[in-house]
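Chain identifiers are assigned alphabetically (A, B, ...) following the order of the sequence lines, protein sequences preceding nucleic acid strands; residue numbering begins at 1 within each chain.
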Amino acid sequence: MLKIYNTLTRKKETFTPRVAGKVGMYVCGMTVYDYCHIGHARVMVVFDIVARYFRYSSYDLTYVRNVTDIDDKIIQRANENNEDFTALTTRFIEAMHEDERALAVLPVDIEPKATESIADIIAMIEKLIANQLAYVGTNGDIFYAINKFKTYGKLSGKKLDELHAGERVNVDKAKNNPLDFVLWKMAKTGEPAWESPWGLGRPGWHIECSAMSTCCLGNHFDIHGGGMDLQFPHHENEIAQSEGATNEKFVNYWMHNGFVRVDDEKMSKSLGNFFTVREVLKKYRPEVIRFFILSSHYRSPLNYSDAQLDEAQTALTRIYTALRGVEMVNISIDVSYKARFDAAMDDDFNTPIALSVLFDIAKALNKAKADIHKSQPLVATLRYLGSVLGILQDNSDTFLKGIEADNDLTTEKIEQLIQDRIDAKKNKDWTIADKIRDELKEQGIILEDAPGNKTTWRRK
RNA sequence: GGCUGCGUAGCAAAGUGGUUAUGCAGUGGCCUGCAAAGCCAUCUACACCAGUUCGAUUCUGGUCGCAGCCUCCA
């Protein structure tokens, strides 16, 4: 039975879908004005796992993740680049999809864009005005009157009188209450703008997600996810907007993933301590990044460092080493390992435990290698459960041998040297044999002898 | 200041009211021409102080430390 930690109640709750067998899930996506960093990769991978696990558990899932393709930063960046904002967003949406494909993140079912949802956004704002939850500010912008929404703060645990608005920023005088947030912004000259009953303008950030989620999944749906930092005010505001407009409950389960940190600080643009996905991919393989993300629980903080990535690489090497030489034929899996794996994933998607089950299988496989009847189900189980996490789908030799280095040490040459060494070994010329092995080791090639004058190799 | 959450062995990271997490690293052994890989065994833990309990790392309260949010952010 699947349990999910619900931010709304701060408890793990048994997951009960609104409609038996069906799940609607909305995740706040990226604002596309730059390349995705590892923090973004974490959201993508975490909710990719959630989606994969729902499907593996036979749910009919509709996974929606939006794209924010109009906002202050986008306009600013487009101006800096002296290009149309749509050219900018189109480019970065494509880059985002490239990163996702690289990380084996499966495509979402629906990817709504803010700029293509303007009519829905306007309709929702009109409902909020009709329900007397929104008003026109003195500058013409439309604001949400948060004190009119009785349960404001229920997600983040904040009370209105405890929120010190404007403590760190200047209070906007156009609002009735400093905490009110903008739904529709009047356009300044030269800014992208859309027609609305209130004049030319553009939507506020929060209303986009309310409109896009309810539009794709209905007024009331199962799961809404995103990064921890979106809890307040973004998701709080979404609740106020959606429930205020529809008079229905908005979301049953709120899921928030923890941050990626660098030296125990949040990875963010403003701190300048971020690493883009494509940057890290130059150094580490996609599967290693994925494994690194899965190695801690999705709600825990995840410290980014080369040492951590190196460990992920080593850990994966252990499993692929176990798989080496016993590639799979179609055979039934070992249900006891599957049961342990499922129990881990059912417990709020506990991927570290799920991975530990994979290590247990790898150990059993290492012991069972000589016996094909024992080893085959283990290989099948490892591959199958790995697929739920989006890992271990590579050919083990391909993974272990890695990418050919950018020097003259070709695969052919490596294999020639190995043959030379085998010949030397036959003559018991250990000096030559060891010399070849040492020299290859210096170039990152590890040789491993097997019985019968067979030698396998891998890249360190 | 308010609101969340965290503090686990050398490192990373789960979890539990009493019994092996797991991966890397270390130590001893097996295997090997020697290694590597693998297997077996093994050493390092639960921030601190009280309380509840037959028994707490696990529950409760407090102390200290850290992070996030309270402005845009995954």
Cut-off 3.5 Å, side chains only: do A:T7 and A:H256 have a donor facing an acceptor? yes

Hey, are the side chains of A:V67 and A:P112 touching, using non-hydrogen atoms and a 4.5 Å cut-off? no

Passing option when A:I319 is tested against A:L392, A:L365, A:I361 for side chain to side chain contact (heavy atoms under 4.5 Å, CB included): A:L392

Looking only at B:G68, B:A74, B:G23, the nucleotide nearest the A:M267 side chain is B:A74

Parallel, tilted or perpendicular for A:F291 and A:F359, by the 30°/60° rule? perpendicular

With the sugar-phosphate defined as primed atoms, P, OP1 and OP2, and the base as all remaining atoms, what B/S/- string results for nucleotides 4-11 of chain B, 5' to 3', for protein heavy atoms under 4.0 Å? SS-----B

Could you run through nucleotides 34-45 of chain B and give me one letter per nucleotide, 5' to 3': B if any protein heavy atom sits under 4.0 Å from the base, S if only the sugar-phosphate is that close, - if neither? BBBSSSS-----

All heavy atoms of A:G390 vs all of A:R52, minimum pair found to be CA-NH1, 3.4 Å

Whole-Å gap separating C1' (B:U20) and CD1 (A:I353): 13 Å

Describe, in one word, how the ring planes of A:Y144 and A:F149 are oriented to each other, choosing from parallel (under 30°), tilted (30 to 60°) and perpendicular (over 60°). perpendicular

In whole Å, what separates the C1' atom of B:U53 from that of B:G5? 28 Å

Pick the closest RNA chain B nucleotide for A:L355 and for A:S296 by heavy atoms, then say which residue is nearer the 5' end. A:S296

Between CD of A:E236 and C1' of B:G2 the distance, given in whole Å, is 15 Å

If I take atom CE in residue A:M345 and atom P in nucleotide B:G15, what distance separates them, rounded to the nearest angstrom? 13 Å

Measure from OH on A:Y152 to P on B:C70 and round the result to the nearest Å. 11 Å

The nucleotide from B:G68, B:A14, B:A74 with an atom nearest the side chain of A:P352 is B:A14

I need the minimum non-hydrogen distance between A:R42 and A:G258, along with the two atoms involved. NH1-O, 2.9 Å

Under 4.0 Å, heavy atoms only, any strand: does A:T314 hit a base, just the sugar-phosphate, or nothing? sugar-phosphate

Would you please classify the geometry between the A:F349 ring and the A:F54 ring as parallel, tilted or perpendicular, with 30° and 60° separating the classes? perpendicular

Is A:T456 touching bases, backbone alone, or none of the nucleic acid, heavy atoms closer than 4.0 Å? nothing

Say you pick atom C1' in B:G7 and the same atom in B:U63; how far apart are they, in whole Å? 13 Å

Starting at CE of A:M96 and ending at C1' of B:A74, how long is that distance when rounded to a whole Å? 12 Å

For the base of B:C69, is there a side-chain donor-acceptor partner from A:K158 under 3.5 Å away? yes

Regarding A:V260, tell me which of base, sugar-phosphate or nothing describes its non-hydrogen contacts under 4.0 Å with the strands shown. base

Interatomic distance, A:L106 atom CG to A:R101 atom CZ [nearest 0.5 angstrom]: 12.5 Å

Check every atom of B:G23, B:G68, B:C69 against the side chain of A:F359 and return the nucleotide holding the closest atom. B:G23

Heavy-atom contacts, protein to nucleotides 56-61 of chain B, under 4.0 Å, summarised as B (base), S (sugar-phosphate only) or - (none) per nt, yield ------

Under 4.0 Å: is that the gap between some side-chain N or O of A:K159 and OP1 or OP2 of B:C70? no

I need the CG-C1' distance between A:N303 and B:C66, as an integer number of Å. 12 Å

Tell me which of A:D360 and A:G29 sits closer to the 5' end of RNA chain B, going by the nucleotide each one is nearest to. A:D360

Taking any heavy-atom pair under 4.0 Å as a contact, classify A:S300: base, sugar-phosphate, or nothing. sugar-phosphate

Distance between P atoms of B:G15 and B:A47 (Å, rounded): 15 Å

Gap between atoms NE2 and P, on A:H297 and B:G15 respectively (whole Å): 7 Å

Touch class at under 4.0 angstrom, heavy-atom based, for A:N257 against every strand present: base

